[in-house]
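So the structure is just underneath, and the comments pick up after that.
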Protein chains: 2
Amino acid sequence: MAAPARRPTIKDVARAAQVSYQTVSRAINDKPEIDPDTKRRVLDVAEQLGYRPSRHARALVKPRPSTLGLTVPDLTNPFFPEVVAGVIDSAAASGWQVNVVSGAGGPAAEAELLRSFAAEVDALVGYFNHLDRSPEGLDIPVVLLDAEVPMPRCAAVAVNVDAGVRAGVQHLLDRGHRRLGMIDCSTSCDRHQRRKSFQQALADHGIALPADAVVDSEQSIPGAERATHQLLDRHPEVTAVFAFNDLTAVGVVRAAHARGLRVPQDCAVLGFDGLMLGELITPPLTTLHIDKRRLGALAVGEVERLLAGEREPAEVELTPELVVRESA
Amino acid sequence: MAAPARRPTIKDVARAAQVSYQTVSRAINDKPEIDPDTKRRVLDVAEQLGYRPSRHARALVKPRPSTLGLTVPDLTNPFFPEVVAGVIDSAAASGWQVNVVSGAGGPAAEAELLRSFAAEVDALVGYFNHLDRSPEGLDIPVVLLDAEVPMPRCAAVAVNVDAGVRAGVQHLLDRGHRRLGMIDCSTSCDRHQRRKSFQQALADHGIALPADAVVDSEQSIPGAERATHQLLDRHPEVTAVFAFNDLTAVGVVRAAHARGLRVPQDCAVLGFDGLMLGELITPPLTTLHIDKRRLGALAVGEVERLLAGEREPAEVELTPELVVRESA
DNA sequence: ATGAAAGCGCTAACAC
DNA sequence: GTGTTAGCGCTTTCAT
């Protein structure tokens, strides 16, 4: 009496509709070679039984990649949701589904998560901070969102950090700043790209930069506040701070305000990323804007290139754009 | 000569390892009844061939739900990423994968998206704004994140908007405000709950509220700015504005500032949601904080309850908590 | 237009 | 310990 609770299969439908089960298949797949009446009847029965085709059985018979894995470090960081949105939208347009995973803890956890995750998807896109560049074994297409050196079967969509940093530094110099500082985030996935570019850019302009004028911070607002205090304690002469990203820039602004400094008059602050957040604080953040949705879309494009058989690694680049608002 | 490019199957491994393909199955499934040497050899061959088991074939044989569908209206709205994070984390802990889709356009688009999406997942969680409460046909467990009246095979995790609104109104009254206004967002999925609760709460306190002191807004900052100007043009006597959520509250604050009003002295502003955003603007937003991660986690809990066979609908509730900062 | 049979990649039952 | 046989739910020949 208690219903078996089993999901009805194509055969259940066939039995109930008094036809062979291939006929059912024809009906639900909208094939031409079937009597319209039969078709309608079958469809009705199917509906009534609550029949839904098994995606697994289907995928077995007609194998085509359909699921994209997406890894992001932290959805709480407003940068990433937009990338995710870009991937999802773009993937949806191509008929992909997107499996999202977020915030793998340490290197070991990340490696493990990746192993199991990779088994469930047909391609992988994302940030792999801790992974030491060798997604061995998992031979599905992989598109790195944070790395520079792709490997076979592995593409990358990169942000041209160097160009961005240089544009930012140029802007600061144009405004007359000569004593600069920087808040870096070594725990991020940028592998000191921003820091190096910053140092190099200043060197190229012949501007001195004390080694301890680059201070490392957690990737959070309070962390950046602390780091900024450190920086300004050491170097009160600094008139402009290059922040690792908008989130840390918010921390820099808060710390500056806390010290009674006016932004940008006493201390200019430059962000990176171009988050909506930056427009809303006081003063609105001058920043290097990254088109995060596009980043995601480009990644999906790379997945498809890889899947289409292009074997050689490629790196697509996105250049940040300086958006001048009020903080610098 | 050109490799078939076909993914190696268990049989390919068997052939290469000179064993039957079930032995391969034993090896990769870590079954006890197999000679350690054989196992190692098989595993080596598998590795070398780049073999990966087919999740579809596996799922066919051992059917267990594994994929959760999650729909959110808009990842750009900072409210949702946190809910997503809550769902993902909680789902991951139970071995689920999460398929995320975002921003279905109109009602028709949403219905269509849902149909196809539902075919790909084993359970569905999310916001279904446009859907007229009848996920007919898709008989998988559904957990509504925005609705009140669940249906069979359908649970809901709701925010107790009424309690939140009342706490907020009480706070405003405690601060001496008697002329209140509200910015509502009728396009959202709250179905005028906030508006109704607001009106009712004021009525219960015997406070008059002109009908046009509740003005409808798009769910965006500029939209809220426009709406606020409308409100204050009509009712300059208003001393406190109840905003639909933190995002619109930001717009209210901006509009107030634009009119030369001090917040909260001349015009108090109360938000809803408790976004990080609200802490960062000037002045920091007083708001009704919702634990968004927990919302997501609860939804996953409901999915599991449903899957475990609990048929009767249930509604889990989450009550917003008043966080007093500076805007009200 | 419909039915029968094969087979997708895999695990589980049962031999040996 | 290993191989043989079924069968998961479905689509595709191939007959009829």
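A note on names: the letters A, B, ... follow the listed sequences, proteins ahead of strands, and every chain is numbered from 1.
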Below the 4.0 Å mark, does [N] have OP1 or OP2 next to a side-chain nitrogen or oxygen of [X]?
X: A/Thr38; N: C/dA1; value: no
X: B/Lys11; N: C/dG9; value: no
X: B/Tyr21; N: C/dC8; value: no
X: B/Lys62; N: D/dC8; value: no
X: B/Arg26; N: C/dT11; value: no
X: B/Ser20; N: D/dG3; value: yes
X: A/Ser25; N: D/dT12; value: no
X: A/Lys31; N: D/dT12; value: yes

Which whole-number value in Å describes the distance from [X] [atom1] to [N] [atom2]?
X: B/Ile28; N: C/dG9; atom1: CD1; atom2: P; value: 13 Å
X: B/Glu120; N: D/dC10; atom1: CD; atom2: P; value: 13 Å
X: A/Ile10; N: D/dC8; atom1: CD1; atom2: P; value: 13 Å
X: B/Glu33; N: C/dC14; atom1: CD; atom2: P; value: 14 Å
X: B/Arg7; N: C/dC10; atom1: CZ; atom2: C1'; value: 12 Å
X: B/Arg41; N: D/dT2; atom1: CZ; atom2: P; value: 8 Å
X: A/Ile34; N: D/dT11; atom1: CD1; atom2: P; value: 13 Å
X: A/Asp30; N: D/dT12; atom1: CG; atom2: P; value: 13 Å

*Taking the side chain of B/Leu60 as its heavy atoms from C-beta onward, which of D/dT2, D/dT11, C/dG9 lies nearest to it?*
C/dG9
_Checking contacts here: which listed nucleotide (D/dC10, C/dT11, D/dT2) is nearest the side-chain heavy atoms of B/Thr23?_
D/dT2
Could you tabulate the donor-acceptor pairs under 3.5 Å formed by side-chain atoms of residues 80-90 of chain A, not counting sequence neighbours?
residue, atom, partner, partner atom, Å
A/Asp89, OD2, A/Arg293, NH2, 2.5

*Contact class for A/Pro53 (heavy atom, under 4.0 Å): base, sugar-phosphate, or nothing?*
sugar-phosphate
*Taking all non-hydrogen atoms of both residues, which atom of B/Leu49 and which atom of B/Pro8 are closest, and how far apart?*
O-CG, 3.4 Å
_For the helix from C/dA1-D/dT16 to C/dC16-D/dG1, what angle separates the axis at the start from the axis at the finish, each from five pairs, in steps of 10°?_
40°
*Measure up the B/His56 and A/His56 rings against each other and bin them: parallel (under 30°), tilted (30 to 60°), perpendicular (over 60°).*
tilted
*asked:* I want to check something: taking the side chain as every heavy atom from C-beta on, are A/Glu302 and A/Val316 in contact at a cut-off of under 4.5 Å?
replied: yes
*Within a strict 4.5 Å, meaning less than it, do heavy atoms of the B/Trp96 and B/Thr67 side chains meet?*
no
*Between B/Arg15 and B/Asp12, is there a salt bridge with N-O shorter than 4.0 Å?*
yes
*Would you call B/Asp122 and A/Arg55 a salt bridge, taking side-chain N to carboxylate O under 4.0 Å as the test?*
yes
*N/O donor-acceptor pair, side chain B/Arg55 with base C/dG9, under 3.5 angstrom*: no
_Polar side-chain contact B/Gln22-C/dA12 base: donor and acceptor under 3.5 Å_ = no
*Let me know, please, whether A/Pro36 or B/Asn29 comes out on the 5' side of the other along DNA chain C by nearest nucleotide.*
A/Pro36
*Is A/Arg7 reaching over with its side chain to a backbone N or O of A/Tyr51, donor-acceptor style, under 3.5 angstrom?*
no
